[in-house]
Amino acid sequence: MSESVDYFGDDTAIFNDKELLQVSHLPDGDRIIGREDELRRLGTALRPALNGNTPNNIFLYGKTGTGKSLCTKFISRQMMQRAGRNDVNAGFAYIDCLQDSTETQVVQSIAAQLNDEERSGTTIPEQGISTSMYYNRLWTVLESMYDVAIIILDEVDKLEGIGDKSGDTAGDNLLMNLSRANEAGKIDDCNLGVIGISNKIRYKDELNERVKSSLCERDYVFPPYDATQLREILESRRDAFVDGVLETDVIPKVAALAAREHGDARKAIDVLRFAGEVAEEERESVVRDEHVDVAQDREGANRISELISKQPPHARYVLLALASRVQQSNEEDPEIPNKVVQHSYRQICEQMDSEPLKERRVRDLLTELEFLDLIKQDQRGRGRGKGKHTVNSLYDEPKLVIQACQNDF
């Protein structure tokens with residue numbers, strides 16, 4: 001095989017340190033930009049942990065890319081450091097419930113993250129024991145190693161399945177067991193706090209009343225970033241690029257587009273990185289406005305695929321039903337009534353050999369898709385005295401949405 005052809009291309013002077021364009025990166029001396037108020041509220045809620053006392057349980061809500069996970073992990077690390085100065089043994093575990101989506105997986109992962117086998121005398125196998133045994137080993141780890149611990153459940157609404165024979169969901173069962181561990185006598189020497197993170201503002205309403213009563217949580221909503229905050233976030237990552245390669249208007253343009261469309265720092269950082277990659281692919285030595293335009297389209301396609309891949313099957317069926325109707329319409333900006341979406345959804349369920357959900361649940365799924373900025377919803381009047389009905393439309397091209405939906409089937 002010939003090695004004379006260079007398929008990698010020439011080195012270009014665009015990127016200096018691409019790692020700085022990771023969302024988790026904290027520039028400027030570990031300063032999180034634009035979230036001082038939110039960090040202060042989290043610090044107040046967790047303050048009791050600094051002296052080994054029980055911290056407040058917390059629920060955080062907000063769209064993706066608003067800093068919920070970043071702030072939570074940051075403040076938990078600071079809590080551990082401050083508690084350590086007070087001779088308090090503190091720890092935290094971070095769980096992505098999209099990856100560990102069952103109660104058993106979550107409890108195993110919590111225990112494994114917090115465990116030090118030499119100190120606890122306890123092993124946490126990856127599999128092979130029951131959920132109740134994982135709980136027992138978690139209690140042993142907490143009792144033997146910690147005065148206080150924080151459990152972060154990111155995307156907690158993604159937990160799947162039934163938690164126990166009572167019919168409670170996995171989320172109900174998990175939150176009940178964690179929030180009542182002290183009260184139930186499972187742990188005595190360790191105080192436990194739970195932080196739940198969800199993109200669904202109504203997630204708490206879906207929990208059973210016993211869980212809501214047990215949590216006694218504080219709720220905080222993370223708003224989208226504005227243009228000024230996004231610009232500051234992007235400026236803090238300028239060193240990712242070789243000095244002088246970004247045209248003056250690039251960062252302001254990316255920030256303005258992101259603020260107008262979604263206020264999502266993750267997407268804004270992606271667009272800035274994509275713009276650099278587009279310039280690199282075109283063998284350019286400068287990142288310009290037109291590279292941002294191409295990058296914006298690329299981010300949109302990636303965003304749709306990522307968002308849709310995280311949705312349950314029936315949410316994807318509903319979205320596919322709407323996108324198909326939009327694509328079939330001859331109108332410029334078609335608005336599809338709920339009943340029309342319902343009809344197409346039932347047809348898709350039949351094709352997929354899946355039992356369709358009830359109308360009310362489909363309406364709820366449409367509302368959730370709107371919250372995720374995958375669709376738009378409006379109320380339209382039927383005429384005087386005839387009430388209103390809900391219509392749905394897409395933010396993105398139906399072809400893109402359909403392709404993303406079908407990739408998951």
Side-chain angles (χ1 to χ4, degrees), residues 59 61-65 97-98 101-102 154-162 167-172 196-208 221 262 264 300 303-329 333-380 387-409:
F59 260 84
Y61 302 97
K63 293 182 179 181
T64 57
C97 297
L98 189 63
S101 58
T102 69
D154 202 351
E155 299 209 56
V156 64
D157 51 279
K158 301 300 183 186
L159 286 172
E160 300 172 351
I162 302 300
D168 287 342
T169 66
D172 286 328
I197 303 174
S198 175
N199 298 330
K200 294 170 59 178
I201 198 73
R202 297 182 182 88
Y203 173 70
K204 188 178 70 172
D205 298 337
E206 299 172 8
L207 299 173
N208 90 27
V221 177
H262 43 66
D264 185 328
R303 171 180 57 84
I304 294 169
S305 295
E306 181 185 358
L307 268 178
I308 291 173
S309 70
K310 293 181 179 180
Q311 304 312 306
H314 283 271
R316 299 200 294 270
Y317 298 162
V318 171
L319 185 58
L320 180 59
L322 172 59
S324 299
R325 286 290 186 169
V326 170
Q327 188 177 55
Q328 293 164 13
S329 175
D333 292 305
E335 296 179 329
I336 312 301
N338 272 6
K339 284 191 175 297
V340 176
V341 177
Q342 292 268 5
H343 178 70
S344 291
Y345 160 75
R346 286 193 291 271
Q347 290 179 327
I348 289 170
C349 286
E350 187 175 340
Q351 294 168 10
M352 302 301 295
D353 195 24
S354 180
E355 184 71 22
L357 302 175
K358 293 180 180 179
E359 283 193 20
R360 181 176 179 180
R361 182 58 188 138
V362 174
R363 290 198 302 270
D364 289 343
L365 287 174
L366 285 166
T367 301
E368 291 169 13
L369 291 170
E370 182 197 27
F371 178 77
L372 294 170
D373 276 349
L374 281 168
I375 71 171
K376 294 179 278 188
Q377 286 194 313
D378 284 300
Q379 297 293 316
R380 295 285 182 265
K388 296 181 178 181
H389 69 288
T390 302
V391 296
N392 308 275
S393 57
L394 294 175
Y395 282 102
D396 304 287
E397 288 296 320
K399 182 180 178 181
L400 257 163
V401 176
I402 291 169
Q403 184 179 1
C405 285
Q406 290 175 338
N407 284 342
D408 287 321
F409 297 151

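This one's a predicted model, so the numbers in the text were calculated from it and none came from an experiment.
When all heavy atoms of Val326 and Pro334 are compared, the closest pair comes out as CG1-CG, 3.6 Å. Between Val156 and Ser198, the shortest heavy-atom distance links the atoms CG1-CB, 4.4 Å. Contact record, Ser309 with Arg316: O-NH1, 4.1 Å, taken as the closest heavy-atom pair. Shown here for Ala323 and Pro398, the closest heavy-atom pair between the two residues is O-CB, 3.6 Å.
Taken to the nearest 0.5 Å, the CD1 atom of Ile375 stands 11.0 Å off from the CD1 atom of Ile336. Leu369 contributes atom CG, which lies 8.5 Å from atom CG of Leu322 (distance to the nearest 0.5 angstrom). Here the OH-CG distance, from Tyr345 to Asn338, works out to 13.0 Å after rounding to the nearest 0.5 Å.
Each of Gln377, Arg363, Glu335, Lys339 was evaluated against Thr390; a single residue qualifies, Gln377, per the side chain to side chain contact (heavy atoms under 4.5 Å, CB included) test.
The closest side-chain heavy-atom distance from His314 to Cys349 is below 4.5 Å. Under the 4.5 Å side-chain criterion, counting only non-hydrogen atoms from C-beta, Ser393 is in contact with Lys376. For the pair Leu319/Gln311, no side-chain contact is recorded, criterion being any heavy-atom separation below 4.5 Å from C-beta on. At least one side-chain heavy atom of Ile308 sits under 4.5 Å from a side-chain heavy atom of Val401. Put simply, the side chain of Leu357 does not reach to within 4.5 Å of the side chain of Asp364, judged on heavy atoms.
A donor-acceptor contact shorter than 3.5 Å is absent between the side chain of Glu359 and the backbone of Gln342. With Tyr317 contributing its side chain and Pro356 its backbone, the two residues share no donor-acceptor pair below 3.5 Å.
Applying the side-chain contact (heavy atoms from CB on, under 4.5 Å) criterion to Lys399, with sequence neighbours excluded, gives Gln327.
Shown here is Glu397, whose CD atom has no more than 12 heavy atoms of other residues, nucleotides or ligands within 6.0 Å.
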